[in-house]
Amino acid sequence: MLRTHTCGELRAANDGERVTLCGWVQNRRDHGGLLFLDLRDRYGVTQVVTEPEFPEAGAAADRVRLEWVVRGTGVVRTRPDANRNKDRSTGQIEVVLEEFEVLSASAPLPVAVTGEERSSEELGLRYRYLEMRRPEVRNALETRARMNQIIREHMIAQAFVEVETPILLRSTPEGARDYLVPSRVHPGSFYALPQSPQILKQILMVGGMDRYWQIARCFRDEDLRADRQPEFTQLDIEMSFVEQDDVLEVVESLVVRLVREIAGVEIPSSVRRMPYAEAVARYGTDKPDLRFGLPVVDVTEILQDCAFGVFSGAAKAGGRIRAIALGPEHPLSRKKLDALPAAVADRGARGVAWVRIKAEGWSGAAAKHLTDAEQSGLTEALGLQEGGIALFLAGPSEVVVPASGDLRVHLGKLFELRDPARYELLWVVDFPLFAWNEDEQRLDAAHHPFTAPLPEDVPLLDSAPKSVRALAYDLVLNGEEVAGGSIRIHQHDVQSRVFELLGIGADEAQQRFGFFLEALRYGAPPHGGCASGLDRLAASLLGLEQIRDVIAFPKTTSAADLMSGAPSTVDPAQLVELSLQLDVASPAETGNEPGDGIRSA
Ligand code: ASP
């Protein structure tokens with residue numbers, strides 16, 4: 001090794017030892033003749049100092065600038081009490097330089113590697129290796145590595161077998177677009193990068209592997225929303241001869257352990273379950289943040305004949321009226337009330353009506369229209385208290401249900417009810433099997449097409465498919481989905497029927513998943529599994545809002561890698577080899593040089 005110790009290692013106990021350190025110069029202070037340098041590496045920061053006794057080392061050290069990489073040898077000296085740095089693990093000592101050399105100079109840095117202020121997102125991504133020198137980014141990546149280690153221990157201890165599935169594959173549907181890779185050897189044919197290893201892990205069960213796990217990279221070409229990455233990492237699990245609860249137990253015991261070991265918070269080992277219908281009814285979402293209350297209450301029946309036209313009009317049109325009650329401990333000024341509609345505008349909600357509950361009479365635009373019976377109905381249903389406020393959303397169900405969820409989250413933020421030190425886990429179960437695709441007037445798989453219906457709902461597949469519930473489940477942590485899965489269909493005939501309902505005809509099913517349907521014919525065990533998005537989970541455990549920092553080399557929301565400049569154009573010769581012709585303007589015409597994906601990002 002070029003060093004004897006790391007920059008995080010030396011203590012007063014090392015006093016008098018001759019050591020060699022390597023690191024980046026994080027700080028340089030010249031105190032007239034005495035030069036202090038802070039050397040940083042992954043492990044910490046150590047102060048080194050020049051003394052007139054060693055003029056050569058002093059002269060060499062004098063040349064260095066910030067972020068140069070250096071190597072210094074000298075003797076550890078305990079600092080006088082007054083000069084100790086209590087915020088630093090090595091703050092009791094310094095190293096008096098006897099020899100010093102520059103290993104590598106650095107150009108002035110384009111991004112800040114120290115200090116509170118981060119550089120812009122664009123610069124941070126372009127110079128990701130410099131951001132990585134920041135302790136919070138390094139810490140996130142190290143935490144990620146610890147998570148992987150805990151996961152590995154946990155899975156091995158439960159007899160799961162780690163299997164690597166291919167990246168060059170046929171399409172696996174998870175509801176997104178595929179990333180395609182052209183084949184050179186088979187002109188005109190393409191591989192699809194896996195949206196998940198779903199089909200393969202099910203085939204592993206047919207192969208008798210019984211318990212599979214993998215930390216799998218998945219690729220989904222979606223119109224990217226903020227905080228989504230085109231490639232992401234999942235802990236992928238599949239188990240044979242299991243029922244829903246068996247899968248939930250494996251996953252929840254792992255997540256509870258990760259919360260304990262990574263976030264340092266002990267939470268109950270058995271996670272509560274809530275049916276999808278209840279989550280949506282009470283919280284307006286299938287991923288409720290249970291760190292705070294503020295449940296949503298449907299008050300349509302109480303207000304359907306109300307003289308306030310906004311309410312009765314919505315009810316008559318078949319819509320819903322949903323309300324959230326705030327007690328006197330959560331006051332809202334007129335200004336804050338006026339800002340509420342903006343919090344639900346994205347969902348198409350037209351406004352938020354409110355009434356203030358006062359002993360001398362209720363106030364607010366709707367108040368004077370409410371009969372005594374309606375007032376007492378609301379008081380009872382919402383638990384209204386004097387000094388409190390009731391907030392109302394009225395309109396079509398598909399608008400007000402999610403809007404009520406957004407309003408609740410908005411209030412949770414506004415009143416700072418989302419305690420960052422709390423970890424509230426919840427399994428949402430009994431999801432619908434299908435989702436109605438309004439644009440194409442057909443059913444889509446709500447999870448993916450291999451999910452099994454609830455046994456008691458199977459007869460409804462023919463009569464009322466939209467009300468069929470699935471053996472599907474999502475694990476929600478503080479309002480974020482951190483895992484999801486299902487018990488699978490293992491009977492060939494049920495699978496074919498579900499394909500039919502999804503509008504996937506026999507020919508198409510054969511063409512897309514023939515190999516898989518065939519596997520189901522050869523003795524498929526009952527099986528089910530789950531996958532957990534590790535980027536999101538790591539961010540939640542670290543209390544980070546953005547998943548960007550837990551990924552070593554993240555992409556932008558438009559799927560560009562600002563560091564390498566991917567995606568980029570390719571050499572025309574490569575296209576010829578791949579038998580591909582482009583139907584887009586040439587780079588010369590668009591002014592897009594290879595790597596310019598990044599400039600439009
Ligand atoms: N393959 C699913 C997903 O990626 C998870 C599962 O059903 O196990 O979301």
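For clarity, every value in this text was computed on a predicted model and none was experimentally measured. For this chain, numbers begin at 1 and follow the sequence in order.
- Counting heavy-atom neighbours within 6.0 Å of Gln581 CD, excluding the residue itself, gives a total of 12 or less.
- Side chain of Arg408 to main chain of Gly293: a donor-acceptor pair is present (N/O by atom type, distance under 3.5 Å, no hydrogens or angles).
- Taking the side-chain contact (heavy atoms from CB on, under 4.5 Å) definition, one finds that Glu518 meets it with Tyr522, sequence neighbours left out.
- One N or O on the side chain of Gln574 and one on the backbone of Asp571 form a donor-acceptor pair closer than 3.5 Å.
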| task | Given side chain to side chain contact (heavy atoms under 4.5 Å, CB included), test Ile151 with Leu258 step by step and report yes or no. | result | CA-CA 8 Å; Ile151 291 169; Leu258 288 169; 4.3 Å; yes

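- The salt bridge (Lys or Arg N to Asp or Glu O under 4.0 Å) test applied to Glu222 returns Arg228, not counting sequence neighbours.
- Closest of all the heavy-atom pairs between Arg128 and Pro554 is NE-CD, 3.3 Å.
- Under the 4.5 Å side-chain criterion, counting only non-hydrogen atoms from C-beta, Leu168 is not in contact with Ser183.
- Remark: side-chain polar atoms of Ser486 are not paired, donor with acceptor, to backbone N or O of Leu471 under 3.5 angstrom.
- Under the 3.5 Å distance criterion, with hydrogens and angles disregarded, a donor-acceptor pair is assigned to the side chains of Gln214 and Thr165.
- Separating the OG1 atom in Thr143 from the CZ atom in Arg138 is a distance of 11.0 Å, to the nearest 0.5 Å.
- Under a cut-off of 6.0 angstrom, the local environment of CG in Asp493 is crowded, with over 12 non-hydrogen atoms contributed by other residues, nucleotides or ligands.
- Judged by the 6.0 Å distance and 45° axis criteria, Arg260 is not positioned over the aromatic ring of Tyr423.
- Within a 6.0 Å sphere centred on CD of Glu545, other residues, nucleotides and ligands contribute 12 heavy atoms or fewer.
- Applying the side-chain hydrogen bond (donor to acceptor under 3.5 Å, both in side chains) criterion to Arg322, with sequence neighbours excluded, gives Ser404.
- Side-chain contact between Glu398 and Glu438: absent, with no pair of heavy atoms (C-beta onward) separated by less than 4.5 Å.
- Tyr127 pairs by the ring-ring contact (aromatic ring centres under 6.0 Å, His included) definition with nothing, not counting sequence neighbours.
- The OG atom of Ser119 sits 11.0 Å away from the CG atom of Leu125 when rounded to the nearest 0.5 Å.
- Within a 6.0 Å sphere centred on CG of Asp223, other residues, nucleotides and ligands contribute 12 heavy atoms or fewer.
- Under a 4.0 Å N-O distance rule, the pair Arg118/Glu131 qualifies as a salt bridge.
- Screening Arg488, Lys201, His490, Gln202 against His527 for a side chain to side chain donor-acceptor pair (under 3.5 Å) leaves a single residue, Gln202.
- Listed by first then second residue, pairs satisfying ring-ring contact (aromatic ring centres under 6.0 Å, His included) with a partner in residues 129-167 number zero, not counting sequence neighbours.
- A salt bridge links Arg273 to Asp245: one of the charged nitrogens lies within less than 4.0 Å of a carboxylate oxygen.
- With sequence neighbours excluded, the residues that form a side-chain contact (heavy atoms from CB on, under 4.5 Å) with Asp535 are Arg144, Phe232, Thr233, Ile547, Val550, Ile551.
- Taken from CD1 in Ile215 to CG in Leu235, the straight-line distance is 6.5 Å, to the nearest 0.5 Å.
- Note on residues 453-488: pairs passing ring-ring contact (aromatic ring centres under 6.0 Å, His included), not counting sequence neighbours, are Trp427-Tyr473.
- The salt bridge (Lys or Arg N to Asp or Glu O under 4.0 Å) search around Arg184 returns none, not counting sequence neighbours.
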| query | side chain to side chain contact (heavy atoms under 4.5 Å, CB included) between Ile150 and Ile262: does it pass, once the steps are laid out? | reply | CA-CA 10 Å; Ile150 295 168; Ile262 303 288; 4.0 Å; yes

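- Applying the side-chain contact (heavy atoms from CB on, under 4.5 Å) test to Ser463 and every residue at least two apart in sequence or in another chain returns Leu460.
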| Going through the distances and angles, do Ser196 and His448 end up as a side chain to side chain contact (heavy atoms under 4.5 Å, CB included)? | CA-CA 11 Å; Ser196 83; His448 50 57; 5.9 Å; no

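- For the side-chain contact (heavy atoms from CB on, under 4.5 Å) test, residues two or more places apart in sequence or in another chain that qualify with Arg347 are Pro402, Ala403, Asp406.
- In Tyr191, the OH atom is not crowded: 12 or fewer heavy atoms of neighbouring residues, nucleotides or ligands sit closer than 6.0 Å.
- A salt bridge is defined here as a Lys NZ or Arg NE, NH1 or NH2 lying under 4.0 Å from an Asp or Glu carboxylate O, and Glu122 with Arg126 meets this definition.
- By the 4.5 Å heavy-atom criterion applied to side chains, Val250 and Met155 are counted as neighbours.
- Taking a cutoff of 4.0 Å between a charged side-chain nitrogen and a carboxylate oxygen, Arg469 and Asp457 qualify as a salt bridge.
- By the side-chain hydrogen bond (donor to acceptor under 3.5 Å, both in side chains) test, Glu440 pairs with Arg442, sequence neighbours left out.
- Under the 3.5 Å distance criterion, with hydrogens and angles disregarded, no donor-acceptor pair is assigned to the side chains of Ser540 and Glu480.
- Using a 4.5 Å heavy-atom threshold, the side chains of Val458 and Val494 count as separate.
- The shortest non-hydrogen separation linking Leu169 to Pro194 is CD2-CB, 3.8 Å.
- Across Pro197 and Ala216, no two heavy atoms sit closer than the pair CG-CB, 3.7 Å.
- Looking at Phe513 and Gln495, their side chains never come closer than 4.5 Å, going by heavy atoms from C-beta outward.
- When the shell of 6.0 Å around CD of Glu243 is examined, it contains 12 or fewer heavy atoms from other residues, nucleotides or ligands.
- Of all the heavy atoms in Pro453 and Leu433, the pair that sits closest is CB-CD2, 3.9 Å.
- No side-chain heavy atom of Phe450 sits less than 4.5 Å from a side-chain heavy atom of Val498.
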| request: For Ile199 and Phe515, run side chain to side chain contact (heavy atoms under 4.5 Å, CB included): C-alpha distance rounded to whole Å, both residues' side-chain angles, the deciding distance at 0.1 Å, then the answer. | output: CA-CA 10 Å; Ile199 291 183; Phe515 67 106; 3.6 Å; yes

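- Within the 3.5 Å criterion, the main-chain N or O of Ile487 finds no donor-acceptor partner in the side chain of Gln244.
- When every heavy atom of Pro525 is checked against every heavy atom of Ser240, the shortest pair comes out as CG-OG, 3.5 Å.
- With sequence neighbours excluded, the residues that form a salt bridge (Lys or Arg N to Asp or Glu O under 4.0 Å) with Arg134 are Glu136.
- Distance CD1/Ile167 to CG/Leu193: 7.0 Å, rounded to 0.5 Å.
- Rounding to the nearest 0.5 Å places CG of Leu461 at 5.5 Å from CZ of Phe434.
- Atom CD1 of Ile504 is separated from atom CZ of Arg512 by 5.0 Å, given to the nearest 0.5 angstrom.
- The pair Asp236-Arg217 does not meet the salt-bridge criterion, since no charged nitrogen lies less than 4.0 angstrom from a carboxylate oxygen.
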